[in-house]
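Note: hydrogens, waters and symmetry copies are ignored here, and every other heavy atom, side chains too, is used.
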Amino acid sequence: MKKKEFDLIVFGATSFVGQILVQYLWKRHGLNGEIKWAIAGRDADKLAVLKNRLGEQARELPTILANASKEADLQNLCSKTKVVVSTVGPYALYGSGLVKVCAETGTDYCDLTGEVQWIARMIEAYEDTAKQSGARIVHCCGFDSIPSDLGVLFLQKTASVQYGEPCQQIRMRVRKLKGEFSGGTVASMINVTREVAADRSLAKKLANPYLISPARLAARQPNVSFAEFDPVAKSWLAPFVMAGINTRVVHRSNALQNYGYGKEFKYDEAMMTGNGFKGRMTAMGLASGMAGFLIGAALPPTRWALEKFVVPKPGEGPSETSQQRGSYDLRFYGTTSKGNTLTAKVTGDMDPGYGSTGKMLGEAAVCLALDIQKHAGGFWTPASLMGEQLISRLQQHAGLAFELLQD
């Protein structure tokens, strides 16, 4: 295969998260670091402003003009690089063309989408093509779903060493989450409600925990849909907005690792709100608020009002100071078939949807470009393709920690 000019190209470099990603890669690698890289987007002026903001030396950072809607631009992009990392969302609206071209040209790809219905469509349309070309396609390389996917992998590896078997069930509980919703994430969620309104059968598909898995297993999956008490975490729980994507990614990881977690493996996610009356009321309030938002987003008049006056717009986000103040703490409670228990935690040192996501996506892209050589083409997950190599990078460089706790 002809040697590519770049190890990776950041496509959508001037989007809000794209800028965070570029800043992170610049600080880590500069012009002459571990990787040879470039930035790409459709607006030359905005790309120039971004480079000027990075400093005088960054003016030499290679720049490529490409429009997500022009296949010739995307083919040119892929001809130059081993990996494309994309921040151009909502992906269901703007991302399909790039996945198609990457799959056809054998170009590795990663993104930070949480749009499970779109991922399912991409797998159905292009997985065979990616397998034939050798392209490794890896969705969900941000807060959804790296901490969940790699947290489960970390706990399962530990269980296999300590007890000789994986955990049959893992409960992920969000103990702490300090940060702001991304405008891009909200736009993606609202777009899902539009799709469901246009195609009622999609709601049934979204309820399937094995939607993006190669096969639907018989194991009935738990799901926290309203306030409930968890005796394992000793806390009231509320639904977690990212559970719908994270659980699906974890089940696909299990399948792609030859069901290393077992075909009866159960996994769910929820937010901890504390014990006692206050914890219960908080859980009920959060659950009701989430339900109200989804109902409002499904109706055209209230959806318009939410987009116009309430939710952040795509491209909007918190200041760098606010990102630095953010953090998260996720707990994973595992139980093996013989009743042995383990608990792990995964923590991040910045706002989950922005600062931490930018660092996770950056390390995933570099890992894909430099560390992953022998895996076949196809649609992978962070755990099934990059696994412990990515965990190592995240702990060394991206402010994440994976720890086993004493029960």
Side-chain angles (χ1 to χ4, degrees), residues 7-13 15-22 24-25 28 35 37 81-92 94-95 98-99 102-103 107-116 118-119 122-123 130 135-154 182 184-185 188 212 242 245-250 252-253 256 328 330 346 348 350-372 375 378-400 402:
D7 294 310
L8 68 87
I9 295 175
V10 178
F11 182 53
S15 70
F16 196 87
V17 176
Q19 293 179 60
I20 295 171
L21 170 60
V22 169
Y24 176 71
L25 291 173
R28 278 269 287 125
I35 58 168
W37 63 295
T81 187
K82 292 164 60 178
V83 175
V84 177
V85 50
S86 173
T87 66
V88 180
Y91 292 87
Y94 308 115
L98 180 56
V99 172
C102 284
T107 307
D108 293 342
Y109 166 97
C110 62
D111 65 28
L112 49 80
T113 187
E115 301 160 64
V116 68
W118 176 71
I119 296 171
M122 294 299 97
I123 292 172
R136 285 84 60 90
I137 312 293
V138 193
H139 299 298
C140 306
C141 292
F143 184 64
D144 44 352
S145 301
I146 276 180
S148 297
D149 199 26
L150 296 184
V152 169
L153 179 71
F154 173 78
S182 123
T185 296
S188 296
I212 58 174
M242 301 298 182
I245 177 62
N246 293 339
T247 54
R248 277 63 175 167
V249 171
V250 167
R252 182 170 177 83
S253 288
L256 294 178
Y328 52 92
L330 313 180
V346 176
M350 291 185 72
D351 181 297
Y354 293 97
S356 188
T357 280
K359 294 193 290 184
M360 285 187 277
L361 183 59
E363 292 304 328
V366 174
C367 185
L368 185 56
L370 300 186
D371 301 340
I372 310 303
H375 280 73
F379 281 69
W380 295 88
T381 59
S384 62
L385 183 67
M386 295 179 276
E388 292 178 281
Q389 290 168 295
L390 182 53
I391 289 176
S392 177
R393 281 188 172 275
L394 294 172
Q395 293 201 117
Q396 288 181 44
H397 305 295
L400 272 72
F402 295 75

Looking only at heavy atoms, what is the nearest atom pair of [X] and [Y], with distance?
{"X": "P352", "Y": "Y328", "value": "CB-CD2, 3.6 Å"}
{"X": "G387", "Y": "L150", "value": "O-CD2, 4.0 Å"}
{"X": "L330", "Y": "P147", "value": "CD1-CB, 3.6 Å"}
{"X": "C141", "Y": "M386", "value": "SG-CE, 4.3 Å"}
{"X": "F402", "Y": "G151", "value": "CE2-N, 3.9 Å"}
{"X": "L153", "Y": "E388", "value": "CD2-N, 4.2 Å"}

Have [X] and [Y] got a donor and an acceptor in their side chains that come within less than 3.5 Å?
{"X": "S392", "Y": "Q396", "answer": "yes"}
{"X": "S145", "Y": "S148", "answer": "no"}
{"X": "S253", "Y": "D149", "answer": "yes"}

Taking side chain as C-beta onward, heavy atoms only, is [X] less than 4.5 Å from [Y]?
{"X": "I137", "Y": "C102", "answer": "yes"}
{"X": "H397", "Y": "K359", "answer": "no"}
{"X": "V83", "Y": "D7", "answer": "no"}
{"X": "L98", "Y": "V88", "answer": "no"}
{"X": "I9", "Y": "V85", "answer": "no"}
{"X": "L400", "Y": "S356", "answer": "yes"}

[Y] backbone acceptor or donor facing [X] side chain under 3.5 Å:
{"X": "Y91", "Y": "S86", "answer": "yes"}
{"X": "R136", "Y": "T107", "answer": "no"}
{"X": "K82", "Y": "L8", "answer": "no"}
{"X": "T81", "Y": "V84", "answer": "no"}

Given E363, which partner from the list I391, L25, L394 fulfils the side chain to side chain contact (heavy atoms under 4.5 Å, CB included) test? L394
Identified side chain to side chain contact (heavy atoms under 4.5 Å, CB included) partner of T357 from the options T87, L112, D351: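 Exactly one pass, corresponding to L112.
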Measure from the ring center of W118 to the ring center of H139 and say whether it is less than 6.0 Å.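 Between W118 and H139, the centre distance is under 6.0 Å.
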So, taking the atom named [atom1] in [X] and the one named [atom2] in [Y], what distance separates them when rounded to the nearest 0.5 Å?
{"X": "M242", "Y": "C140", "atom1": "CE", "atom2": "SG", "answer": "10.5 Å"}
{"X": "F379", "Y": "Y109", "atom1": "CZ", "atom2": "OH", "answer": "9.0 Å"}
{"X": "L385", "Y": "L368", "atom1": "CG", "atom2": "CG", "answer": "6.0 Å"}

Which is it for T247 and R252 under the side chain to side chain contact (heavy atoms under 4.5 Å, CB included) test, yes or no, and what are the steps along the way? CA-CA 9 Å; T247 54; R252 182 170 177 83; over 6 Å; no
Near Q395 CD, under 6.0 Å, is it more than 12 heavy atoms from other residues, nucleotides or ligands?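 Atom CD in Q395 is packed in, count exceeds 12.
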